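This is the structure I want to talk about, given as structure tokens.
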Amino acid sequence: MLDQRWFRAKARGASSLRTRRAAALDGELVHTLVEVDGELYQLPLGVRDHVPDNLEHAVITRRGDQAVYDATQDPELMSRLLTLIADDATVEGLRFTPENGVNLERGLRARPIGVEQSNTSIVFGDKYILKLYRQPEPGPNRDVDLHRALRAAGAKHIAAPLGVITDGDIVLGFLQEFLSNAVEGWATATASVRDLLAEGDLHADEVGGDFAGEAHRLGTAVAQVHTALAAASGTASATPEQISAEVDAMHGRLDTALAEVPQLAEDESLLRSAFDALRTLGAPLTVQQIHADLHLGQVLRTNDGWVLIDFEGEPAATPDQRRATRSPLRDVAGMLRSFDYAAFHLLAGDEADRQQTARAEEWSDRNRNAFCDGYAKVAEDPRTQETILRALELDKAVYEVRYEYHNRPDWLPIPLAAIRRWRPENR
Ligand SMILES: Nc1ncnc2c1ncn2[C@@H]1O[C@H](COP(=O)(O)OP(=O)(O)O)[C@@H](O)[C@H]1O
Ligand SMILES: O=P(O)(O)O[C@H]1O[C@H](CO)[C@@H](O[C@H]2O[C@H](CO)[C@@H](O)[C@H](O)[C@H]2O)[C@H](O)[C@H]1O
């Protein structure tokens with residue numbers, strides 16, 4: 001577990017492991033929930049006498065002739081989960097439930113999605129994708145609930161929810177429509193930047209891979225999802241106490257980042273005054289349910305348009321924090337930061353080449369503006385709320401500084417440079 005991306009407490013390690021529940025779904029598939037230092041993890045296990053060569057990498061332990069291995073890597077065992085959902089089955093207290101009115105196709109070949117993520121996802125044929133939550137929590141599951149609410153509101157721009165696996169009030173798995181012709185926003189955006197940087201003499205609007213049309217459509221899609229979420233679960237005006245608590249939280253996140261990343265110190269006062277400016281906003285701040293972890297890796301471009309995925313919320317947030325209503329501008333800020341990342345990630349770690357830096361800035365400005373233009377077709381133009389947007393972008397950049405410091409130190413200059421671009425002499 002310590003080697004897996006989904007094991008969140010890597011830095012801390014693990015000192016105790018306890019099996020909370022083990023359910024034999026059949027002779028070879030054993031569903032387990034284990035507690036590591038009090039935190040719950042989902043581990044579907046395969047148990048076989050003879051493990052085929054292509055599953056050797058998944059073996060966890062052997063008991064005599066029997067091997068115990070990570071069942072998510074075994075297409076045959078995963079296909080059984082789809083059959084159980086299609087059958088609306090209950091086995092050993094686990095419920096496998098299709099969404100109302102959904103008839104699932106059985107017998108589709110399963111394959112793990114293959115990318116290391118916070119959870120483990122399995123694709124069935126080219127039709128369905130099942131996300132197994134590695135750290136499932138008792139109580140409402142935001143990803144499932146918001147997909148259902150958006151579906152009920154007739155929202156486009158999401159993948160249809162098709163079924164769930166539950167254990168009492170714990171959602172273990174979420175089956176959705178698989179968008180087989182989709183490509184991730186991050187891949188298409190960065191391909192566009194690569195085209196631009198390869199063409200030293202051309203501007204962002206002159207190269208074949210210009211992304212502005214896509215950024216515009218993406219802005220419209222995000223605003224439509226916000227409008228649908230507002231219709232489904234309402235909006236409110238944040239009280240002065242709520243705003244104050246949010247500003248305090250921003251300062252708290254900054255305190256933590258400053259203690260860990262010395263390079264952030266020179267911009268401390270810029271950051272603090274951007275956060276404090278929220279305390280004296282002249283206008284009300286509207287809050288509602290939002291995506292809450294939006295970036296170019298959370299959007300897929302299909303033949304029909306953009307789709308937002310993964311409504312779990314911020315990875316590090318507590319369940320209560322995830323359920324809280326937030327300003328939709330937080331999602332906008334996340335996406336604006338992502339355009340900045342896409343523009344500058346190819347240059348991270350290199351000596352600054354002025355021409356390429358200028359091109360990357362141009363790409364970022366062009367696509368950030370196109371996104372806001374697209375958003376403004378459906379909802380209020382985010383750029384009219386400059387103070388809020390600045391504070392939210394900087395708060396996200398502070399989060400990213402810590403994230404990169406711990407996970408991808410080569411990319412640390414990306415959020416640090418973004419913060420520096422807010423210095424008055426650089427505006
Ligand atoms: N409905 C879908 N159709 C096609 N691909 C998807 C779909 N949902 C997720 N994916 C792919 O699976 C990856 C992981 O999904 P995500 O919901 O972000 O899981 P995690 O919580 O593990 O990050 C995504 O980055 C995307 O490439
Ligand atoms: O795993 P999550 O998708 O919940 O998010 C975490 O990892 C992201 C990186 O995969 C990280 O995003 C940062 O890098 C992205 C490019 O890889 C960029 O598009 C985002 O704008 C940037 O924030 C995210 O912050 C982290 O929570």
Side-chain angles (χ1 to χ4, degrees), residues 2 4-13 116-118 186 190 193 245-279 292-298 313-318 321-322 326 329-353 356-357 360-361 364 368 387-427:
L2 288 172
Q4 307 304 312
R5 152 125 198 221
W6 46 259
F7 186 70
R8 307 243 170 106
K10 267 189 217 56
R12 207 170 62 216
E116 277 274 288
Q117 298 281 356
S118 321
W186 175 254
T190 50
V193 177
E246 186 59 47
V247 175
D248 291 346
M250 288 175 170
H251 283 293
R253 289 189 280 271
L254 177 57
D255 292 340
T256 312
L258 282 166
E260 291 173 356
V261 189
Q263 295 96 312
L264 203 52
E266 52 193 276
D267 286 303
E268 178 176 353
S269 64
L270 174 150
L271 291 160
R272 297 221 185 266
S273 52
F275 300 157
D276 284 332
L278 290 182
R279 296 191 202 274
D293 186 26
L294 199 59
H295 56 81
L296 284 162
Q298 304 277 42
E314 284 168 51
T318 62
Q321 286 166 341
R322 288 184 198 201
R326 322 289 290 266
L329 291 175
R330 190 169 271 283
D331 282 347
V332 172
M335 203 49 99
L336 295 182
R337 287 290 314 121
S338 208
F339 284 119
D340 181 79
Y341 254 80
F344 288 101
H345 87 288
L346 287 175
L347 306 180
D350 290 350
E351 275 297 299
D353 170 321
Q356 295 224 317
T357 306
E361 271 168 17
S364 177
R368 287 161 55 96
T387 307
I388 306 174
L389 206 51
R390 182 181 57 198
L392 291 172
E393 265 205 74
L394 286 170
D395 181 45
K396 176 78 184 190
V398 167
Y399 166 88
E400 290 166 346
V401 163
R402 279 193 75 210
Y403 181 85
E404 303 305 352
Y405 182 79
H406 291 292
N407 296 295
R408 304 182 291 201
D410 288 353
W411 288 29
L412 179 58
I414 303 176
L416 282 176
I419 293 171
R420 285 173 196 156
R421 278 197 294 280
W422 286 97
R423 291 177 184 171
E425 67 267 26
N426 295 332
R427 304 302 294 173

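Keep in mind that what you see is a predicted model, and the values were worked out from it rather than measured. Just so you know, these numbers use all the heavy atoms, side chains as well, and skip hydrogens, waters and symmetry mates.
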Indicate yes or no: at least one non-hydrogen side-chain atom of L346 is less than 4.5 angstrom from one of T190.
no
Taking all non-hydrogen atoms of both residues, which atom of A277 and which atom of T387 are closest, and how far apart?
CB-CG2, 3.6 Å
Taking the side chain as C-beta and beyond, is there a heavy-atom pair between R420 and E266 under 4.5 Å?
yes
Any side-chain to backbone donor/acceptor pair from R402 onto A257? Under 3.5 Å, distance only.
no
Taking G334's backbone N and O only, do any of them form a donor-acceptor pair with S338's side chain (distance below 3.5 Å, no angle check)?
no
For a quick test of reading the model, state the closest non-hydrogen atom pair linking A274 to A391 and the distance between them.
O-CB, 3.7 Å
For L258 and E268, work out which heavy atoms get closest and say how close.
CD1-CD, 3.5 Å
Does a side-chain heavy-atom distance below 4.5 Å link Q298 with D293?
yes
Tell me the closest heavy-atom pair linking R337 and P415, and the distance in Å.
NH2-CA, 3.7 Å
Worked check of side chain to side chain contact (heavy atoms under 4.5 Å, CB included) between V332 and L389
CA-CA 8 Å; V332 172; L389 206 51; 4.0 Å; yes
Scan D255, L278, L394, V398 and name whichever one has a side-chain contact (heavy atoms from CB on, under 4.5 Å) with M250.
L278
Heavy-atom pair of closest approach, residues A360 and F344
CB-CE2, 3.6 Å
Criterion side chain to side chain contact (heavy atoms under 4.5 Å, CB included) on E400 and I414, from CA distance to verdict:
CA-CA 9 Å; E400 290 166 346; I414 303 176; over 6 Å; no
Among E393, K396, E246, whose side-chain contact (heavy atoms from CB on, under 4.5 Å) with R330 holds?
E246
Would you indicate whether the side-chain heavy atoms of D248 and R279 approach each other to under 4.5 Å?
yes
Do L264 and I419 have side chains that get closer than 4.5 Å, going by heavy atoms?
yes
From CG (L412) to CG (N407), nearest 0.5 Å
11.5 Å
Student check: side-chain heavy atoms of W186 and Y341 closer than 4.5 Å
yes
Within the 4.5 Å heavy-atom criterion, are R5 and S118 side-chain neighbours or not?
yes
Closest approach of V401 to L416 (non-hydrogen atoms, all atoms of both residues)
CG2-CD2, 4.0 Å
Say you draw a straight line from CD of E361 to CG of D340; how long is it, rounded to the nearest 0.5 Å?
9.0 Å
The criterion is ring pair (Phe, Tyr, Trp, His ring centres under 6.0 Å); which residues satisfy it with H251, sequence neighbours excluded?
F275
Contact check, side chains of E314 and R326, non-hydrogen atoms, under 4.5 Å:
yes
